[in-house]
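Some notes on the structure that comes next.
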Amino acid sequence: MTDTPTAGPPRGPAAPETLERPRRARTAVALVFAVHGAVGGTFVTRIPWIQDRLGLSPGQLGLALVMPAIGSFLAMPLAGRFVHRFGGRAAVRGLLTVWCLTLALPALAPSLAALCAVLFVYGATAGMADVAMNAQGVEVEQRLGRSIMSGLHGMWSVGGLLASGFGILAAHQDLDARIQLLVTALVLAALAQPVCRSLPDFRAAEEAEAPPRFALPPRSSLVIGLVGFCAVFAEGASMDWSGVYLKDVTGASATLAAASYTAFSLTMAVSRLVGDAVIRRLGAVRATRLGGAVATAGGLLVVGADSPGLAIPGFALIGIGIAVIVPLAFAAAGRIGANPSQAIAGVATVTYTSGLVAPAIVGGLAQATSLTVSFGVVTALAFALVPSAGALRLAEPDAAGGAPSDAKRRAEPLADPSRR
């Protein structure tokens, strides 16, 4: 994929603009990630309101909440074709806008069936927007020649945390979720417009073959996706089950158990924001191995914990260890083949499937054995990151597999987003 510059490379006094444009592009992509995270962070805070309004049982709510994952899983392979046809900027702008607007729909659903249909669409647009913005982030990273993907995913977490804070306040004030979600959807969709206008307009080369309408993950992305699978499994298991583990296994109070999600999310956000500095210093492979070792140590603490004082640091270490893995997986996928968005869609499909199945697998193992055994499996998957780290070697700025095209990309200045 290559951009479409509107002017030749600057010369003489104009040279500093070639540094300013990538910075502007990086800021724009970071804000896109924050807006995307804010949509999800807003929705989760009003799930209890939606459940009460429709009178849903826990089983019915669980069925509804699986629909976004199914929609995302089925729609992600379509994203490569969408980005190829419309270009990176238009794809992100359109998909992010639709994703923001769908936030208003769940609170308006009159029945369980309608809620399932709405959440399917909600998940489908979320997944396609996710692929498009990650493809955009990888392109900017390659132009800069240094790691930024971890920080971008950190901004996603920051957006989610800030939005969830407003959502909690709205719930505390008993604000009707239909009003809150509609207003928030319109505000976020409006914010997305100037942000997306500042994105560089990356487009596929004219001679590049269009990806299939429904692109299955390329084989070259499967190994990278499996590394991401291990990390997201540990993430999903910890986020969904840490509170239950603290309460049932270590005897923590309900308040302490409820706070575990927020604490884990904060750990992930902070680790991702500082993760790029670690990656630049150690490289992608060594950073992945170190992360796997840290997450494994955290898992061992959790498995051996008999008090919250051991389990909480254990979950924190898991969050720190896996924080940079998914951003690195997307960065590595973006260096595969002539259509980075197709490879990113493949990695996203494999990786996010883990988030879909992890809670169910942990629950099933806990039912058959115990939660301690379940987190023994989580620990084993975290350890698998250590020997499999080499699969993310393509995320290195000077990786041999992507060096020629990446060097060409970095040699070209970013198109000035202010020009059309």
Side-chain angles (χ1 to χ4, degrees), residues 32-33 35-51 53-54 56-79 82 92 94-134 153 156-157 159-161 163-164 167 177-178 180-182 184-185 188-189 192 214 228-229 232-233 235-237 239-241 261 265 326 344-345 347-363:
V32 165
F33 272 75
V35 170
H36 192 285
V39 177
T42 299
F43 170 68
V44 297
T45 62
R46 303 319 305 263
I47 290 175
W49 187 95
I50 295 171
Q51 181 183 19
R53 176 174 180 265
L54 296 180
L56 303 179
S57 68
Q60 290 173 320
L61 180 62
L63 172 64
L65 292 180
V66 103
M67 298 308 292
I70 295 174
S72 182
F73 177 82
L74 293 176
M76 277 181 176
L78 301 171
F82 198 90
V92 173
L95 292 169
L96 185 63
T97 300
V98 174
W99 159 237
C100 290
L101 294 176
T102 58
L103 175 62
L105 300 180
L108 301 175
S111 65
L112 174 61
L115 180 62
C116 288
V118 163
L119 291 180
F120 180 90
V121 175
Y122 173 89
T125 55
M128 293 182 70
D130 190 285
V131 171
M133 72 186 191
N134 272 286
H153 283 252
W156 186 93
S157 299
L161 286 170
S164 66
R178 289 169 292 189
Q180 184 215 341
L181 295 188
L182 175 60
T184 304
L188 291 176
F214 187 88
F229 184 99
V232 173
F233 192 101
E235 178 182 353
M239 293 182 75
D240 288 357
W241 286 95
Y261 171 83
S265 298
V326 172
I344 290 172
V347 167
T349 302
V350 175
T351 296
Y352 291 150
T353 297
S354 184
L356 173 63
V357 303
I361 291 177
V362 169

List the atom of Ala163, the atom of Ala38, and the distance in Å for their closest heavy-atom pair.
-> CB-O, 3.2 Å

For residues Phe229 and Val350, report the shortest heavy-atom separation together with the two atoms involved.
-> CD1-O, 3.5 Å

Does a side-chain heavy-atom distance below 4.5 Å link Leu54 with Gln60?
-> no

Shortest non-hydrogen separation from Leu95 to Met128 and the atoms involved = CD1-O, 3.6 Å

Qualifying residues under side chain to side chain donor-acceptor pair (under 3.5 Å), relative to Arg53, sequence neighbours excluded | none

Would you find a donor on one side and an acceptor on the other, under 3.5 Å apart, between the side chain of His36 and the backbone of Ala129?
-> no

Side-chain donor/acceptor of Thr351 to backbone N/O of Gly228, under 3.5 Å | no

Kindly give the heavy-atom pair with the smallest separation between Gly127 and Ser72, and that separation in Å.
-> CA-OG, 3.3 Å

Rounding to 0.5 Å, atoms CZ (Phe73) and OG1 (Thr349) come to a distance of 6.5 Å

Side chains of Gln180 and Arg46: does their closest heavy-atom pair fall under 4.5 Å?
-> yes

State the CD-CG distance between Gln51 and Leu61, to the nearest 0.5 angstrom.
-> 4.5 Å

Identify the heavy atoms of Ala358 and Ala237 that sit nearest to each other, and give their distance.
-> CB-N, 4.2 Å

Sequence neighbours excluded, the answer for side-chain contact (heavy atoms from CB on, under 4.5 Å) partners of Thr45 is Ser164, Ile168

In terms of heavy-atom contacts, Phe33 and Met133 come closest through CE1-O, 3.6 Å

If you look only at distance, which donor and acceptor atoms sit under 3.5 Å apart when one is on a side chain in residues 102-122 and the other is two or more places apart or in another chain?
unit_1: Thr102; atom_1: OG1; unit_2: Trp99; atom_2: O; d: 2.7
unit_1: Ser111; atom_1: OG; unit_2: Ala114; atom_2: N; d: 3.3

Side-chain donor or acceptor of Asp130 paired with backbone N/O of Ala126 under 3.5 Å | no

